[in-house]
Each structure stands twice: as structure tokens, then as C-alpha cells.
Amino acid sequence: MNESSPGMYVFAGNNGSGKSMIRNLIIDMLGVSVNIDPDVIARGLDAGQPERRKISAGKEAIKLARECIRYRRGFSIETNWPVVI
């Protein structure tokens, strides 16, 4: 992938299904430097009780995705929500 044709890679599945493991194995091949993981964002906001920060983390994830799209930067995102394309 190059900057003239950035991509969005979605890693979707149930919690514990291996999304992060797979992403970590192939991230170099994808050529993206931004990974958006709302669970990681929530833990960064409140390490003791990240579940209390899910909405804030989701909003931050959306903001990051929009910035990547705006500036044409490839990124990956992890989700356990159904994805419809």
C-alpha cells in the first residue's frame, strides 16, 4: 500500500477471537501505522474500569478514523460490532 491509495482494514470478531493477534502478525504487510482499537483507548482513559469509558473511547475512535480519511492515511480498526459493507 502507498499513500496515494490508502486503505482501511477492519478486524472484526467476538472478544477473544484473535483480532489483535492476527493484526499484529500482518501489520507490516498492510503498511499502516495507525491502529484504532476502542478497547485500548478505553484502557488509556481509565485503566481501572475501562468499561466505564466505552462511549468516550468510541467517540475517540471515530475521530481518529475521520482524521485518517481526511488526511488520506491508511489505518486498521478493531471492532466486535457487525460490519456491513
Side-chain angles (χ1 to χ4, degrees):
M1 185 171 80
N2 60 47
E3 289 305 309
S4 64
S5 61
M8 177 179 113
Y9 299 91
V10 178
F11 295 89
N14 296 332
N15 286 335
S17 64
K19 298 179 297 290
S20 295
M21 182 183 73
I22 295 296
R23 187 214 62 237
N24 289 339
L25 289 173
I26 66 170
I27 196 72
D28 289 336
M29 289 185 291
L30 298 178
V32 298
S33 59
V34 178
N35 178 58
I36 302 169
D37 184 343
D39 291 337
V40 171
I41 295 170
R43 285 192 298 272
L45 295 171
D46 188 340
Q49 296 181 318
E51 65 281 354
R52 297 178 77 186
R53 302 300 291 216
K54 284 184 177 184
I55 293 173
S56 296
K59 288 178 180 180
E60 182 63 22
I62 291 168
K63 178 183 168 193
L64 290 170
R66 285 180 175 164
E67 286 177 7
C68 287
I69 293 166
R70 180 178 182 195
Y71 294 109
R72 300 189 50 76
R73 292 176 26 212
F75 66 99
S76 66
I77 189 162
E78 293 187 36
T79 182
N80 56 12
W81 283 68
V83 177
V84 179
I85 298 176

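- Put simply, CD1 on I41 and CG on D46 are 14.5 Å apart, with the number rounded to the nearest 0.5 Å.
- Between I27 and S76 the shortest heavy-atom distance is CD1-OG, 4.1 Å.
- The cluster map of Ile, Leu, Val, Met, Phe, Trp and Tyr, joined by side-chain heavy atoms under 4.5 Å apart, puts V34 and I77 in the same cluster.
- Residues I36 and A61 share a closest heavy-atom pair of CG2-CB, 3.5 Å.
- A donor-acceptor contact shorter than 3.5 Å is absent between the side chain of N14 and the backbone of S17.
- For the pair I69/F75, a side-chain contact is recorded, criterion being any heavy-atom separation below 4.5 Å from C-beta on.
- Note: the hydrophobic cluster containing I62 does not contain I55 (ILVMFWY, side chain heavy atoms under 4.5 Å, direct or indirect links).
- For Q49 against R52, the heavy-atom pair with the smallest separation is OE1-NH1, 2.8 Å.
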Evaluate side chain to side chain contact (heavy atoms under 4.5 Å, CB included) for R43 paired with V40, printing each intermediate quantity in order.
CA-CA 5 Å; R43 285 192 298 272; V40 171; 3.3 Å; yes
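- Between R73 and P6 there is no side-chain heavy-atom pair separated by less than 4.5 Å.
- Between the side chain of K19 and the main chain of V10, no donor-acceptor pair closer than 3.5 Å is present.
- Taking N24 as the reference, nothing meets the side chain to side chain contact (heavy atoms under 4.5 Å, CB included) condition, with sequence neighbours excluded.
- Residues meeting the side-chain hydrogen bond (donor to acceptor under 3.5 Å, both in side chains) test with S20, sequence neighbours left out: E78.
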